[in-house]
Number of protein chains: 2
Amino acid sequence: MNSAEKGRATINDVAAKAQVSKKTVSRVINNETNVKQETRERVQQAMSDLNYFPSLSARSLASKRSYLVAMLYFDLHAHYLHQLQSGLLDHFSTRGYSLLLHPCEGDNDTILQNLERKARYMNIDGFVLVPPLVHMSSLVSLLKQLDKPYVRIAPKEEHDGFSEVLCNDEQAAYELTQHLIQKGHRQIGFVKGAADCLAASKRYDGYLRALKTHHLPLDPTLVFEGDYDFTSGVAAGQHLLSLVRRPTAIFCSNDNMAAGVLNVAHAKGLSVPNQLALAGYDDSPLAQQIWPALTSVAQPGRKMAEVAANKLIDKIENIENAEYPQNIGCDIKYRASTQSELSLASLVEPA
Amino acid sequence: MNSAEKGRATINDVAAKAQVSKKTVSRVINNETNVKQETRERVQQAMSDLNYFPSLSARSLASKRSYLVAMLYFDLHAHYLHQLQSGLLDHFSTRGYSLLLHPCEGDNDTILQNLERKARYMNIDGFVLVPPLVHMSSLVSLLKQLDKPYVRIAPKEEHDGFSEVLCNDEQAAYELTQHLIQKGHRQIGFVKGAADCLAASKRYDGYLRALKTHHLPLDPTLVFEGDYDFTSGVAAGQHLLSLVRRPTAIFCSNDNMAAGVLNVAHAKGLSVPNQLALAGYDDSPLAQQIWPALTSVAQPGRKMAEVAANKLIDKIENIENAEYPQNIGCDIKYRASTQSELSLASLVEPA
DNA sequence: CTGTTAGCGCTTTCAC
DNA sequence: GTGAAAGCGCTAACAG
């Protein structure tokens, strides 16, 4: 009884059935050239006849590649991270890799130890880092020392143009701020995101640029330091909506914080958008589920994931000269929360 | 130059350094008994001196076990699924397994083919099925045929007491409905979840039981068939809030749908909770981010994940007689959306 | 309690 | 274009 009959065919069974050497079967499996078309077909026939599947562990052991990649993250909850996860999963699997999720938790040393152990144990071929981990330099050093390729999503520094993926937050924030200005708003509040985050500062930059373009002064009292959390949005709302010169519009660096501001507005009996225009960022499901629906910026999470996956695999497989989109555009979703015109908005300008 | 010096120590290097056979090293790696304490320590010392890590692919190939498990899911977005994912990740990794995410998409055949391919290619040791996949019988058959253990989260049928993990939705829905009744509500609307889902029917059962206990008649016009989606919540709101005998309270089978109802209430100018009490299910972040904050049931997602992970690994490792919690309890979060008393609620009863 | 032998199923290297 | 031999790093089965 050969192994095929025992339920699992091996490369030897296929080789025997196709009357070739197992090396030839291996060539077919790996889509190598240098196999005559006729031979290739015979092998493929044998594989399907025997219901053959190669064994990952055997090829990993022999080839010293695992076909495993890991996504390194911290605090996976945001809509954005979820989008990335799902996009990475898609594109890695398309190219024959499996995605491992590696949450980085605990203190610095714990994180590094766990990662090294897992990376070496599983011989992980490459890594995708997502914010805010992207900025953990000891982690990046470890990856370099492990000598495995990695790609970073939206890192703040050290751009080499090949190992990171960026999107155009600045432009989106600019356009959204401009939209508010065009609706007649002059007092536009801004709620910042976490300080160590590239996206946060790019969004703020876009806001500033729009003000400048339209010759509006920056009023520092209208800028609130948030941290992307709902509760910091509540704090922002309490602060901004209690000002004597209350803003007529508030742009939040994410939807969670916008929801916080919105709660305060509701509690104060302020009508949105008539007395307060409100915009968020992320276009999370929340944006459509709160009332009124929130104008928000949809980040190209899945597109970024696609680019990240392909960049990483190209590195792993030493494919050079590939072209990738540089600064992936965002998509603004205009909804009810900003859809009121100057006349209404001006009503609430403090006398 | 031995392999240790080339950057990666192998079991042979450890064996040589510790002056034992590699089988003994293997015993230490696998925490087997039958190793003298002194020997064990010598081996451990050698491992750490050489910065040795075993190789997963080598042990998989030799042992025919991959230490890989997969979570089979469809449509991973709900807060609940995310909780499960994160809990599974935790507990599998604690016990030395890595979790693979396997989204099941496409038509029936595609799903089965992809799963079989991946399962056999990676030699996955076990599977966790989460709703609604739990009810896909062809998938369950495939798993049986693959002869690998699986655990199902909240399946509708075929309970064997060992391969599924349940939580007590019925009781939670009962208690929450009772809470509404005690607030004075007599016209309590109910928005059902997806019909093929065990949890959905258990929640409805709890609602019915509470009505019965309190001798309230079931009014079928107050029961709306939703599908867990936000838009079905909007539809439910439009229907229920247009009734002549409008409900004074609505219990939705999840938070998304409650948010939909809430939007309609806002649009109709109905004040929540004063004119309408509203409750959801899942205790997703949304529940705290909408206004007013939503009373909701927190499912024990992480606890269920823990039980599922341990059940599955025990099956994989043939550990018997372990005890597991049977019907894991839910936790009701009472918030503003139901915090008004009879007197107020009765105000809005149509004349 | 420890060691020996023989693979696991594939790829690598090199030969033809 | 194809094949033979060697070996990846570990565990299984058995022996002692």
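Chain naming here is simple, since letters A, B, ... match the order of the sequence lines and numbering starts at 1 in each.
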Trainee: Would you mind classifying the nucleic acid contact of A:Ser57 as base, sugar-phosphate or nothing, using non-hydrogen atoms under 4.0 angstrom?
Mentor: nothing
Trainee: Go through the N and O atoms of the side chain of A:Arg8 and the base of C:dG9, and report whether any donor-acceptor pair is under 3.5 Å.
Mentor: no
Trainee: If you only use heavy atoms from C-beta on, which nucleotide in D:dC10, D:dA6, D:dG3 is closest to the side chain of B:Ser55?
Mentor: D:dC10
Trainee: Would you name the heavy atoms of A:Val43 and A:Thr24 that are closest together and state the gap between them?
Mentor: CG2-CG2, 4.5 Å
Trainee: When you measure from the side-chain N and O atoms of A:Ser21 to the phosphate of D:dG3, is any distance below 4.0 Å, counting only OP1 and OP2?
Mentor: yes
Trainee: Pick the nucleotide of DNA chain D nearest each of A:Lys36 and B:Arg59; which residue has the one closer to the 5' end?
Mentor: A:Lys36
Trainee: Distance alone, cut at 3.5 Å: any donor-acceptor contact between the side chains of B:Arg120 and A:Tyr52?
Mentor: no
Trainee: With a 4.0 Å limit, can you tell me whether B:Asn12 has a side-chain N or O closer than that to the phosphate oxygens OP1/OP2 of D:dG9?
Mentor: no
Trainee: From A:Leu50 CG over to A:Arg8 CZ, what is the distance, rounded to the nearest 0.5 angstrom?
Mentor: 12.5 Å
Trainee: Which part of the nucleic acid, if any, lies within reach of A:Thr39 when heavy atoms closer than 4.0 Å are counted: base, sugar-phosphate only, or nothing?
Mentor: sugar-phosphate
Trainee: Angle between the end axes of the helix from C:dC1-D:dG16 to C:dC16-D:dG1, five pairs per end, to the nearest 10 degrees?
Mentor: 20°
Trainee: What's the shortest heavy-atom distance between A:Leu88 and A:Ala308, and which atoms?
Mentor: CD2-CB, 4.2 Å
Trainee: So, does the side chain of A:Arg27 form a donor-acceptor pair with the base of D:dG3 at under 3.5 Å?
Mentor: yes
Trainee: Assign each of A:Ser26 and B:Lys22 to its nearest nucleotide of DNA chain C by heavy atoms, then name whichever residue's nucleotide is nearer the 5' end.
Mentor: B:Lys22
